[in-house]
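Each chain gets a letter, A, B and so on, in the order the sequences are listed, and its residues count up from 1.
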Number of protein chains: 2
Amino acid sequence: MAVHIMTALAYLAEKASSEVLARTVNTNAVVVRRILGDLNRAGLIHAERGNAGGFTLARTPKQISLLDIYRAVMEERELVSLHENPENRKCPVSCKVRGTLAAHLHKAQSVYERELQKVMLADIEQAM
Amino acid sequence: MAVHIMTALAYLAEKASSEVLARTVNTNAVVVRRILGDLNRAGLIHAERGNAGGFTLARTPKQISLLDIYRAVMEERELVSLHENPENRKCPVSCKVRGTLAAHLHKAQSVYERELQKVMLADIEQAM
DNA sequence: GTCATATGTAACCAATATAGTTACGTTTAA
DNA sequence: TTAAACGTAACTATATTGGTTACATATGAC
């Protein structure tokens, strides 16, 4: 949804209200505003309040990557995460898998993110 | 949990019951059996029923990658998925983002998976 | 200064997913 | 024949998500 919203903002190229954006996503304006809140806190958009308020991109579509959007809405959550069960002290596997696996998952996630970084909002918009 | 279980099987290098495996993960044997069911259907382990039954790896730890395990438990689910709202026919963005974005996400996921494919269960086990 | 319009956010609901648990049928070696 | 183990259904508790209503706050237009 965040990418859909950002693409709409790029496509419209003008100030848009959460109402208008909600219509393109086919959802509720509040849902859209929640996402816009994340995007705003991440500095990807500008939000103007009050009468004639609305949202605009903070940078050009060429300067915004899918990774920027991903980070804005995902914050520190990981693609695949470890189980949270307490470790069994008597079991060497239980004590060590977590750390080892975390390192490998972290590596994989970083190549995923590097891939997202290559795609700019302009690339998506261009396909519209 | 699936990786934890598989590592335990590799480490023990002998038939293990869901009870024993549950103890290293610190959870319930049924939870473990559910995951073992996925791993079994994917052909990564052998399951023996009846008295003195239990689970063993179907291949050596060198022949099992994190990707194999990932696929076994994740099936066709994707790391990041598209929103499911119906498209707004009047809006070109709504009609086209989905396909374009899907292609980019698919690419990113494939580099993620390629990374998982590089890591073998033997690599994880060795760190224990 | 008032008012219409928009954002920001809290509160609540419904739907879904996950882990844990109990229970029980089925299988199999001893 | 029986004890031990898998396979799976059913139920519960918890968390997450999206949608919805409601309302306080901000702001441009008149």
Can you give each donor-acceptor pair under 3.5 Å made by side-chain atoms of residues 40-54 of chain B, sequence neighbours left out, with the distance rounded to 0.1 Å?
from, atom 1, to, atom 2, distance (Å)
B/Arg41, NH2, B/Asp38, OD1, 3.2
B/Glu48, OE1, B/Lys15, NZ, 3.3

For residues 116-128 of chain A, which side-chain N or O atoms pair as donor and acceptor with protein atoms under 3.5 Å away, sequence neighbours left out?
from, atom 1, to, atom 2, distance (Å)
A/Lys118, NZ, A/Glu115, OE1, 3.3
A/Asp123, OD2, A/Met120, N, 2.8

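With sequence neighbours excluded, no residue satisfies salt bridge (charged side-chain N to carboxylate O under 4.0 Å, His left out) with B/Arg98. Under the side-chain hydrogen bond (donor to acceptor under 3.5 Å, both in side chains) criterion, B/Thr60 pairs with B/Gln63, not counting sequence neighbours. Under the rule for a side-chain hydrogen bond (donor to acceptor under 3.5 Å, both in side chains), A/Thr100 has no partner lying at least two apart in sequence or in another chain. A search for salt bridge (charged side-chain N to carboxylate O under 4.0 Å, His left out) contacts involving B/Arg71 returns B/Glu113, not counting sequence neighbours. Partners of B/Arg23 under the side-chain hydrogen bond (donor to acceptor under 3.5 Å, both in side chains) rule, at least two apart in sequence or in another chain, do not exist in this structure. In this view, B/Arg59 and B/Asp68 satisfy the salt bridge (charged side-chain N to carboxylate O under 4.0 Å, His left out) rule, not counting sequence neighbours.
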Legend entry - Annotated protein contacts, base or backbone, on nucleotides 11-19 of chain C with a non-hydrogen cut-off under 4.0 Å, one of B, S, - each: B------SB
Inset, instruction - Do nucleotides 25-30 of chain C as a string where each nucleotide becomes B, S or -: B if the base has a protein heavy atom under 4.0 Å, S if just the sugar-phosphate does, - if no protein is that close. - result: BBBBB-
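For DNA chain C, the neighbouring residues in residues 13-22 of chain A, judged by any heavy atom under 4.0 Å, are A/Ser17, A/Ser18.
Evaluation of the ring-ring contact (aromatic ring centres under 6.0 Å, His included) test over residues 70-89 of chain B, restricted to residues two or more places apart or in two chains, returns A/His4-B/His83.
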